[in-house]
Amino acid sequence: MIWTVLNETDQKIKLVSKGSTDGILPKGSFLTVEDNKSKRKFILRVDESKQVVPYSPSPLLSDMDLEYLEADKKCKNEITAYRVKDVFERDDGMVDFIHPTSPARRSSQEEINLAMGMGDKGPKVFVSTVHSNQNRVLRDESGKHITATLPSDFFYHQTLICGKTGSGKTVAMKYLAQYFIEEIKGAVLAVNVKDIDFLQMDRASVSDDGAVLSEWKSLGMSPHGVSNVTMYMPANRRYESVKGINYDICRKITLDVNQIQPEALTGLLQGISDKGALNLPGIFRYWRQYEAEKGKARFTEFVKYFNSKEDSKRFASISDRGEETPVTIHPGTYDNISRSLESAIDFFDNSSADSLDYDDVLQQGKMSILDFSGDKGPRFGSILLRDLLKKIVDAKDAMMSKVPILIIIDEVHQFYSTDSSREALDDIERICRTGRSKEIGVIFASQSIEDIPKGIPSVVNTQIFFKTDSSSLKSIGVKISPEELEGLRKGFAIASIHDLPQLKILKFPLSLCGVVKNE
């Protein structure tokens with residue numbers, strides 16, 4: 001299959017197919033131009049591709065029942081492509097022409113590796129294309145899959161993943177998590193909020209789909225579960241009716257009022273002003289320092305202490321700098337906090353469960369799953385997640401652990417969308433901005449970018465969009481219609497990958513673990 005260079009317009013190369021080419025090369029494909037005059041090679045990425053009819057027949061031919069000529073039936077593939085890589089760069093400060101009439105062909109795996117500047121280490125994905133709602137994995141002339149290697153460093157530059165239910169978003173996160181554990185030898189902390197999305201990571205994936213099996217074979221991979229997995233579940237939730245879970249790796253958890261970070265308590269509050277929410281940590285800090293029995297306090301005692309101020313609504317408070325000040329709470333705010341505290345009593349101080357610390361998670365090659373599904377799960381998770389992340393970062397700051405960690409927060413808006421979560425969101429932003437130096441990676445996931453709390457998109461350097469109705473793709477740099485975006489097949493995504501700018505359309509292989517048919 002051959003294309004011919006026509007000209008250049010606005011730094012885009014225009015090409016047209018020769019007669020032997022009988023199809024349309026989709027957007028996202030790569031072409032290699034072999035310039036006849038300069039004897040140079042250039043690699044292009046297809047940005048626009050369409051069918052043209054060079055000898056468009058007159059409508060009158062149909063009306064007059066005249067026979068069509070062969071030329072009337074011919075189609076051409078017209079391409080606009082972006083110049084990605086000059087294989088032989090000049091050393092005189094000039095840039096080579098790509099001369100008209102130069103032939104172009106589909107690029108090989110080696111040429112695409114060169115164009116993208118890819119290394120050898122990192123999770124592999126398939127370079128893909130999209131055209132008229134058709135998704136394809138890119139292949140070379142021999143029919144082999146074309147792959148791309150995501151740089152391992154991209155984990156520490158933070159990632160945003162969006163996609164509707166069933167689009168492949170969760171499967172992609174499972175794939176990345178398993179790579180991080182097995183190849184980087186890091187730790188993974190994943191938040192599960194829906195059904196059993198992340199609760200079967202100890203089991204090998206199962207598929208009889210020929211395309212899936214072919215992809216695994218091309219990557220030299222075989223399905224297998226993660227060997228070191230612990231699932232942490234709230235002590236007050238019943239799981240007997242949940243099928244497909246290995247209860248041998250489950251561990252019940254609770255919150256310890258003697259150890260919890262005071263700021264984490266703001267995760268309980270909803271529908272309350274920032275100022276009102278920020279009063280709670282200071283009040284709790286004062287109570288734990290002066291009113292509670294050292295090391296043996298219980299959350300119910302704090303609730304009683306808070307409710308004892310119902311008449312005056314005046315409290316002593318200690319700031320995070322240790323400054324003691326009086327606080328008076330508005331009656332409406334007081335009632336809101338009181339109700340929230342009472343509804344959270346079951347989250348704390350359960351004698352049959354354990355509290356989590358950083359060293360439960362920061363273990364080489366371990367995957368920790370926090371299951372916050374269920375009615376009260378997100379509220380419990382809002383407190384525990386903030387508390388645990390603070391402990392992890394503090395341990396990293398103090399050089400108490402050198403284990404890299406990847407944190408996966410699915411449905412992130414459930415934990416960081418309310419006014420009272422702004423302070424916690426600031427903590428997340430600080431984690432993201434220093435992630436590279438501390439080897440902390442964060443994946444934020446949601447069904448739509450509109451659900452992502454403000455501030456998060458500004459600290460992520462990789463964005464991956466599966467099938468979605470979002471129109472906020474200007475930063476991705478690929479021309480795709482809303483219809484094509486909504487029509488993406490499962491596993492296919494539009495992306496902007498840190499340090500891999502030429503990879504725009506990709507497909508994740510089916511995760512090797514955690515994708516199990518319903519029993």
Side-chain angles (χ1 to χ4, degrees), residues 1-59 61 68-90 92-117 127-142 146 476-481 483-484 494 501-505:
M1 300 177 73
I2 299 295
W3 291 260
T4 302
V5 174
L6 297 179
N7 55 57
E8 179 181 6
T9 303
D10 297 329
Q11 299 185 23
K12 296 293 182 69
I13 309 299
K14 289 190 175 296
L15 307 95
V16 68
S17 61
K18 297 194 71 173
S20 59
T21 301
D22 61 355
I24 299 171
L25 191 66
K27 291 178 287 188
S29 302
F30 288 81
L31 288 172
T32 297
V33 176
E34 297 177 317
D35 193 296
N36 291 327
K37 188 172 183 180
S38 66
K39 306 301 181 184
R40 304 277 193 173
K41 289 174 66 175
F42 310 90
I43 302 174
L44 315 178
R45 187 191 69 228
V46 177
D47 282 356
E48 295 182 44
S49 185
K50 62 183 179 181
Q51 171 184 318
V52 295
V53 181
Y55 310 108
S56 180
S58 169
L61 293 176
Y68 290 96
L69 300 175
E70 282 302 313
D72 294 330
K73 303 175 184 179
K74 286 189 175 181
C75 293
K76 293 280 188 178
N77 178 204
E78 188 174 286
I79 287 173
T80 301
Y82 173 74
R83 184 169 174 165
V84 175
K85 177 72 176 179
D86 292 11
V87 176
F88 303 102
E89 295 183 358
R90 295 170 57 154
D92 61 357
M94 303 289 283
V95 177
D96 277 318
F97 291 117
I98 300 180
H99 292 96
T101 74
S102 295
R105 54 171 173 78
R106 286 193 287 181
S107 301
S108 67
Q109 177 73 68
E110 292 72 19
E111 290 167 337
I112 291 176
N113 290 350
L114 180 64
M116 292 190 181
V127 184
S128 301
T129 62
V130 60
H131 187 86
S132 299
N133 293 328
Q134 297 186 52
N135 308 143
R136 297 285 188 273
V137 172
L138 191 63
R139 296 175 183 264
D140 62 15
E141 292 289 357
S142 66
I146 296 291
I476 298 297
V478 62
K479 293 183 178 180
I480 181 170
S481 68
E483 293 77 19
E484 288 173 326
I494 309 301
Q502 302 305 335
L503 181 61
K504 299 297 185 183
I505 307 170

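Quick note: numbers below take in every heavy atom, side chains included, and nothing from hydrogens, waters or symmetry partners. Remember, predicted model here, so these are calculated numbers, not experimental data.
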What verdict does the side-chain contact (heavy atoms from CB on, under 4.5 Å) test give for Glu48 and Lys12, after you've listed the backbone C-alpha separation in whole Å, the side-chain angles of each residue and the deciding distance to 0.1 Å? CA-CA 10 Å; Glu48 295 182 44; Lys12 296 293 182 69; 5.8 Å; no

Please report the C-alpha distance between Phe42 and Ile13 in whole Å, then the side-chain angles of each, then the deciding distance to 0.1 Å, and finally whether the side-chain contact (heavy atoms from CB on, under 4.5 Å) criterion is met. CA-CA 11 Å; Phe42 310 90; Ile13 309 299; over 6 Å; no

When rounded to the nearest 0.5 Å, the distance separating OG1 of Thr101 from CG of Asn7 is 12.0 Å

Donor-acceptor contact below 3.5 Å, side chain Asn77 vs main chain Leu25: yes

Kindly give the heavy-atom pair with the smallest separation between Asp140 and Arg106, and that separation in Å. O-NH2, 4.1 Å

Are any side-chain N or O atoms of Asp92 and backbone N or O atoms of Met94, one a donor and one an acceptor, separated by less than 3.5 Å? yes

I'd like to check Pro26 versus Val46 (side-chain heavy atoms, cut-off strictly below 4.5 Å). Are they in contact? no

Side-chain donor or acceptor of Thr80 paired with backbone N/O of Asp47 under 3.5 Å: no

Hey, are the side chains of Val137 and Ser128 touching, using non-hydrogen atoms and a 4.5 Å cut-off? yes

Nearest heavy-atom pair of Gln51 and Ile24: which atoms, and what distance? CB-CD1, 3.8 Å

Gap separating the CG atom of Asn36 from the CD atom of Glu34, nearest 0.5 angstrom: 8.5 Å

Would you say that Phe30 contacts Met116 through its side chain, given a criterion of any heavy-atom pair below 4.5 Å between the two side chains? yes

Could you grab the distance from atom CD1 of Ile2 to atom OG of Ser17, nearest 0.5 Å is fine? 11.0 Å

Can Glu111 and Lys41 be said to form a salt bridge (charged side-chain N to carboxylate O under 4.0 Å, His left out), step by step? CA-CA 10 Å; Glu111 290 167 337; Lys41 289 174 66 175; 3.0 Å; yes

Counting C-beta onward and ignoring hydrogens, is there a side-chain heavy-atom pair between Gln502 and Lys85 closer than 4.5 Å? no

As an exercise, state the distance from NZ of Lys39 to OG of Ser102, rounded to the nearest 0.5 Å. 9.5 Å

Quick check: do Ile79 and Ser49 have side-chain heavy atoms less than 4.5 Å from each other? yes

At their closest point, which heavy atom of Thr129 faces which heavy atom of Ile505, and how far apart are they? N-CG2, 4.0 Å

Backbone N or O of Val130 within a donor-acceptor pair of the Lys27 side chain at under 3.5 Å? no

Could you please spell out the steps behind the side-chain contact (heavy atoms from CB on, under 4.5 Å) verdict for Trp3 and Lys76? CA-CA 10 Å; Trp3 291 260; Lys76 293 280 188 178; over 6 Å; no

For the side-chain contact (heavy atoms from CB on, under 4.5 Å) test, which of Val127, Leu44, Leu138 pairs with Ser29? Leu138

Check: Arg40 and Arg90 side chains under 4.5 Å, non-hydrogen atoms: yes

Heavy-atom check, side chain of Ile43 versus side chain of Ile112, under 4.5 Å: no

For the student: nearest non-hydrogen atoms of Phe88 and Asp96, plus distance: O-OD2, 4.0 Å

Please examine the side chains of Ile98 and Glu8, heavy atoms only from C-beta on, and report whether any two atoms are closer than 4.5 Å. no

Gap separating the CD atom of Glu78 from the NZ atom of Lys14, nearest 0.5 angstrom: 6.0 Å

